[in-house]
Number of protein chains: 2
Amino acid sequence: MNSTNNPKKMFVEIVKQLRQLIAEENITVGGKLPSERELAERLQVGRSTVREALRSLELLGLIETRRGEGTFLSDYRKHRLVELLSTFILTEAQSKEDVHTTRQALEKDAIHTICMSERLNALHIWDAFKEKIIEEEIIREDIIREIIIISDNRLSLKIWFLLKQFAGEPYQENLKLEEKSVWILLLTAIQSGEEQQAISLYNEWLLLINRGDV
Amino acid sequence: MNSTNNPKKMFVEIVKQLRQLIAEENITVGGKLPSERELAERLQVGRSTVREALRSLELLGLIETRRGEGTFLSDYRKHRLVELLSTFILTEAQSKEDVHTTRQALEKDAIHTICMSERLNALHIWDAFKEKIIEEEIIREDIIREIIIISDNRLSLKIWFLLKQFAGEPYQENLKLEEKSVWILLLTAIQSGEEQQAISLYNEWLLLINRGDV
DNA sequence: AATTACAAAGTGGTCAGACCACTCATAACT
DNA sequence: AGTTATGAGTGGTCTGACCACTTTGTAATT
């Protein structure tokens, strides 16, 4: 029936072209985009159409606009994608569970990757890391982020970042004493490449924080 | 400096009011929203402002618009989280290696999930599955997709789908004879919940296809 | 010469009105 | 009754006009 039901949405096209433009002109985080009027002319569409695309990206937190100044490429930490979806619609239990599961999968994989890599687990970072955990107050989120960063998979990192916002959960809390000792062991396991041990310690940690909260 | 930098964005306000309106009027999935012109009048703003808000929601997949008909509340499952991830975030992290690693992490996690769930690995599906592998030609991609579907994590499934496209890889090929025997063992391991065994067989399979191709 | 004050240009924010393309229900016609 | 034509309603797009704000350049003042 709807064979050629393909009246491509203009503003979606503009979004694509914007991405392309950003890539071509090598606009980096914080950089300035052309003005709405200029974009309209360059892309051969009306200004209102450009605005529809820009507003979409702004709602997502991908760009930032300042009246009188211009439009700027936003920091990736400001992406509001997940946040928005969660407040608007995605509140089903199943979905939240999915997010947790998926995020943990990424975390485990990071641990796995580091354990397998002689280059990574031999880094001098780890001892300093352990000291920091012992001596300072440290947020759960920070330690995991660090691990994923070290695992050197930027894609995973980005996805993890987005998923993290979703739960808004106990990741913001400080490591408690029990957790610290688990993490010390975990990091030691990572250093010596004992994946099995590391993963089971990680699971142990999950149990710990799930028992404490919620 | 920017203490009260709070010149609330109009279209963001409209987004909020729209959500409120949807709640008040009890508009359900698939239901029709008021027309743009009516919304403009009711919310006391210009039509273009209403459109900026609507377009934002549409980009997220929260609503659906059909020319000549109207604007409709979209199905939950059409949200575009992952698609947007691909267009804006994945471009930078295009290291193919990252894509592979992340995708495999999701695959392993699916196997893990199924192994741990007595409900899932007890399904009657598995035997039929094995037969199919033995008797028919089957594409690599199909078997993995099936497993992720069974693991019942929609988010993972979406992300996996996306990554799959980006890889453009050997997943389209048929299972070769050696692979088939590995998979039979793998499925058996899953059935009996032997996670260790299943994962190591999965890794074995990865070696197999990486030796053959590329 | 240095500083200040002011005007102009540039930018995003918003609105109103005008078409267009499309869908659908209904009236008019055969 | 069946078909066709019409018109109202809707989203899609463009144009031009203001407004509020920031930046910048320049002229006036010191």
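In what follows, chains carry the letters A, B, and so on, assigned in the order in which the sequence lines appear, proteins first and then strands, with residues in each chain numbered from 1. When reading the values below, keep in mind they use all heavy atoms of this one structure, side chains included, and skip hydrogens, waters and symmetry mates.
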Whole-Å distance between [N] [atom2] and [X] [atom1]?
| X | N | atom1 | atom2 | result |
| --- | --- | --- | --- | --- |
| Arg67(B) | dC22(C) | CZ | P | 6 Å |
| Leu54(B) | dG12(D) | CG | C1' | 12 Å |
| Leu59(A) | dG12(C) | CG | P | 18 Å |
| Ile14(A) | dG12(D) | CD1 | P | 14 Å |
| Glu41(A) | dT15(D) | CD | P | 11 Å |
| Arg47(A) | dA17(D) | CZ | P | 13 Å |
| Gln44(B) | dT14(C) | CD | P | 15 Å |
| Ile63(B) | dT10(D) | CD1 | C1' | 14 Å |

Report which part of the nucleic acid Gly68(A) touches: base, sugar-phosphate, or nothing (heavy-atom distance under 4.0 Å, all strands). base
Look at the side chain of [X] against the base of [N] and say whether a donor-acceptor pair falls under 3.5 Å; ignore hydrogens and angles.
| X | N | value |
| --- | --- | --- |
| Arg55(B) | dG11(D) | no |
| Arg66(B) | dG12(D) | no |
| Arg37(A) | dG12(C) | yes |

Identify, between Glu38(B) and Ser48(B), the residue whose nearest nucleotide on DNA chain D lies closer to the 5' end. Glu38(B)
Measure from the side chain of [X], starting at C-beta and using heavy atoms only, and say which of [options] lies closest.
| X | options | result |
| --- | --- | --- |
| Glu36(B) | dT14(C), dT11(C), dG12(D) | dG12(D) |
| Glu52(B) | dT13(D), dG11(D), dT14(C) | dT14(C) |
| Arg51(B) | dG11(D), dG12(C), dC15(C) | dG11(D) |

Carboxylate-amine/guanidinium contact [X] [Y], below 4.0 Å:
| X | Y | value |
| --- | --- | --- |
| Glu107(A) | Arg140(A) | no |
| Glu141(A) | Arg103(A) | no |
| Glu52(B) | Arg55(B) | no |

Phosphate oxygens OP1/OP2 of [N]: is one of them under 4.0 Å from a side-chain N or O of [X]?
| X | N | result |
| --- | --- | --- |
| Thr49(A) | dG12(D) | no |
| Thr65(B) | dG12(D) | yes |
| Ser35(B) | dG9(D) | no |

Just jot down the side-chain hydrogen bond (donor to acceptor under 3.5 Å, both in side chains) partners of Arg37(B), sequence neighbours excluded, or say none. none
Only distances under 3.5 Å count here; give the side-chain donor-acceptor pairs of residues 127-136 of chain B to other protein atoms, sequence neighbours excluded, each with its distance to 0.1 Å.
| unit_1 | atom_1 | unit_2 | atom_2 | d |
| --- | --- | --- | --- | --- |
| Lys130(B) | NZ | Thr188(B) | OG1 | 3.1 |
| Lys130(B) | NZ | Gln191(B) | OE1 | 2.9 |

